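Take a look at the structure below.
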Protein chains: 2
Amino acid sequence: MNTLAEENYLKSIFHLSDAEESVSTNQLATLLNTKASSVTDMLKKLADKALINYTPYQGVRLTLSGEKIALNIIRKHRLWEYFLVEKLNFKWDQVHEMAEEMEHISSNELINRLDKFMGYPKFDPHGDPIPDINGQINHHNLKLVSAIEVNDSGTISGVKNHSPNFLQYLEKQTLTIGKIISVIEIIPFDQSMILQTENKEVHISSEVANNLLIAL
Amino acid sequence: MNTLAEENYLKSIFHLSDAEESVSTNQLATLLNTKASSVTDMLKKLADKALINYTPYQGVRLTLSGEKIALNIIRKHRLWEYFLVEKLNFKWDQVHEMAEEMEHISSNELINRLDKFMGYPKFDPHGDPIPDINGQINHHNLKLVSAIEVNDSGTISGVKNHSPNFLQYLEKQTLTIGKIISVIEIIPFDQSMILQTENKEVHISSEVANNLLIAL
DNA sequence: TAAAAAATTTAGATAAGTCTAAAAAATATA
DNA sequence: TATATTTTTTAGACTTATCTAAATTTTTTA
């Protein structure tokens with residue numbers, strides 16, 4: 001088994017990974033709130049365990065087994081978030097920190113039974129897909145609200161920013177997962193947008209539009 | 001907040017404490033599967049934090065604040081065990097190790113909501129009382145089966161030994177929590193007992209009788 | 001393309017929690 | 001009650017994960 005610190009590094013590398021680029025030491029240091037030198041130390045350790053491919057000065061990528069572990073941690077995180085919101089009635093802005101602890105509970109049998117208990121949910125309370133028991137992720141095709149046009153409409157299906165502040169703001173504007181919105185007007189000056197949602201109009205800044213995901 | 005190691009020491013001190021005697025270094029070392037010297041180090045640390053009263057060579061007792069923390073950890077442990085058995089359908093011999101991890105999830109709001117979600121259970125799957133939000137424990141008055149007489153009867157309400165082996169044995173003999181039994185015969189030679197349970201007779205050794213608790 | 005800036009790694013240190021071996025204190029025993 | 005035994009503590013070391021400061025490599029820029 002891996003230590004808590006190792007698990008957190010693997011998860012962070014996964015989140016920072018994209019198709020082309022490898023993940024840099026500094027990116028990890030920033031995300032993990034630690035120093036670059038600490039990251040270097042841990043990268044050597046993870047490379048020794050064959051969980052990452054690491055070339056000094058060239059950044060890292062997860063190996064297949066590293067990715068499998070990362071996906072399992074993310075699966076646990078998102079299932080626990082779903083549990084906290086759907087069963088214990090927490091709000092979507094309250095669950096992240098708790099799930100950060102719960103994702104490290106080791107038993108897979110436990111998480112699979114929890115999954116079954118909740119009816120195999122596909123998305124967590126923020127709209128993020130929950131990897132299944134094999135690490136498969138149900139990617140749905142979402143667009144940033146900032147990238148759609150006047151008169152387009154769709155269903156709010158995710159957020160890019162997970163900060164409690166942002167989530168609380170969305171809640172107040174009733175811009176929550178599942179709500180149907182359409183774009184009434186885009187203000188050219190600042191790219192802010194006026195949206196129709198339920199029976200009212202909401203005016204959102206371009207920063208908000210840039211962090212809100214919609215399914216057309 | 002306290003570290004995981006500190007929490008485990010507090011919990012162990014609580015479990016080893018009784019009214020008169022203070023808890024010795026060696027008792028703790030045995031229970032925690034560690035060395036006496038490690039225990040001494042930790043006792044100094046806990047004493048510095050005013051969680052225990054510690055006099056070198058004289059053993060330890062929990063202070064009020066140490067006891068409060070220990071009771072909260074035990075509350076979490078037993079509520080999670082209840083959850084695992086009642087909601088996720090684990091058997092009573094499977095849940096201890098998982099709960100050992102889950103008891104360290106820090107949020108009290110979480111555990112209080114879990115308590116409510118499950119309807120404020122009073123006892124865990126092994127019959128142990130669950131401390132309430134204020135650390136109050138509902139002690140019920142149980143007797144060891146080894147301490148009762150022929151023709152006495154009562155309800156199985158707890159176990160002194162929590163090992164999976166013992167729990168699985170009890171399960172196989174249908175000697176589980178809530179079952180009504182009565183003593184048919186006590187064999188003088190080895191103090192083994194013949195019990196009536198449901199519609200069959202079960203012959204148990206004195207070791208078993210010594211670890212099974214009954215409410216008369 | 002050489003110098004400057006930025007990113008990364010190395011070296012050496014620290015804190016938490018553990019260990020072994022030796023010393024000291026408490027308890028048991030003859 | 002002196003000695004042997006057991007228990008506990010102390011001293012010094014190790015591991016994990018972190019840090020600061022210095023050195024090295026890569027990237028940018030003039």
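Everything numeric here is computed off the predicted structure, so don't read it as measured data.
Set against C/dT10, D/dT18, D/dT9, the side chain of A/Y9 has D/dT18 as its closest nucleotide. Among the nucleotides D/dA21, D/dT18, C/dT8, the one closest to any side-chain atom of A/S37 is D/dA21. Side-chain proximity of B/D41 to the nucleotides C/dT9, C/dT18, D/dT9 is greatest for C/dT18. The nucleotide whose nearest atom lies closest to any side-chain atom of A/A5 is, among C/dT10, C/dT18, D/dT18, D/dT18.
Annotation: side chain of A/Y57 is not in contact with side chain of A/S24 (no heavy-atom distance under 4.5 Å).
Proximity of B/S38 to the phosphate of C/dT18: no side-chain N or O atom is located under 4.0 Å from OP1 or OP2. Taking side-chain N and O atoms only, B/K44 has a distance below 4.0 Å to OP1 or OP2 of D/dT10. In this model, the phosphate group of C/dT20 is approached by a side-chain N or O of B/K35 to a distance below 4.0 Å at OP1 or OP2. Taking side-chain N and O atoms only, A/Y57 has no distance below 4.0 Å to OP1 or OP2 of C/dT10. In this model, the phosphate group of D/dT9 is approached by a side-chain N or O of B/Y54 to a distance below 4.0 Å at OP1 or OP2. In this structure, A/T34 reaches the D/dC19 phosphate: one of its side-chain N or O atoms is under 4.0 Å from OP1 or OP2.
Summarising the geometry, the separation between CG on A/L43 and C1' on C/dT9 is reported as 11 Å, rounded to the nearest angstrom. Between B/L4 atom CG and D/dT16 atom C1' the separation is 15 Å, expressed in whole Å. Computed from coordinates, the B/N8 CG to C/dA16 P distance equals 17 Å when rounded to whole Å. The CD-P distance, from B/Q58 to C/dT27, rounds to 6 Å in whole Å. Look at CE on A/M42: it is 10 Å from P on D/dT16, rounded to the nearest Å. Across the protein-nucleic acid pair, A/Q27 atom CD and C/dA7 atom P stand 11 Å apart, rounded to whole Å. Rounded to a whole Å, the CD atom of B/E6 is 14 Å from the C1' atom of C/dT18. The interatomic distance linking B/K49 (NZ) with C/dA16 (C1') rounds to 11 Å, in whole Å.
With hydrogens and angles left out, the side-chain atoms of B/R75 and B/N112 include a donor and acceptor closer than 3.5 Å.
For B/S22 against B/Q27, the heavy-atom pair with the smallest separation is O-OE1, 4.1 Å.
Taken to the nearest 0.5 Å, the CG atom of B/L167 stands 8.5 Å off from the CD atom of B/E171.
Across every strand in view, D/dT29 sits in a pair with C/dA2 that passes the Watson-Crick or G-U test at under 3.5 angstrom. Base-pair partner of C/dT9: D/dA22 (Watson-Crick or G-U wobble, both distances under 3.5 Å).
Residue A/T25 is classed as a sugar-phosphate contact, given heavy-atom separations below 4.0 Å to backbone atoms only.
Residues B/N26 and A/T3 both approach DNA chain D. Their nearest nucleotides, taken by heavy-atom distance, put B/N26 toward the 5′ side.
Aromatic ring centres of A/H96 and A/H77 lie closer together than 6.0 Å.
Salt bridge absent: B/D132 and B/K122 never bring a charged side-chain N and a carboxylate O closer than 4.0 Å.
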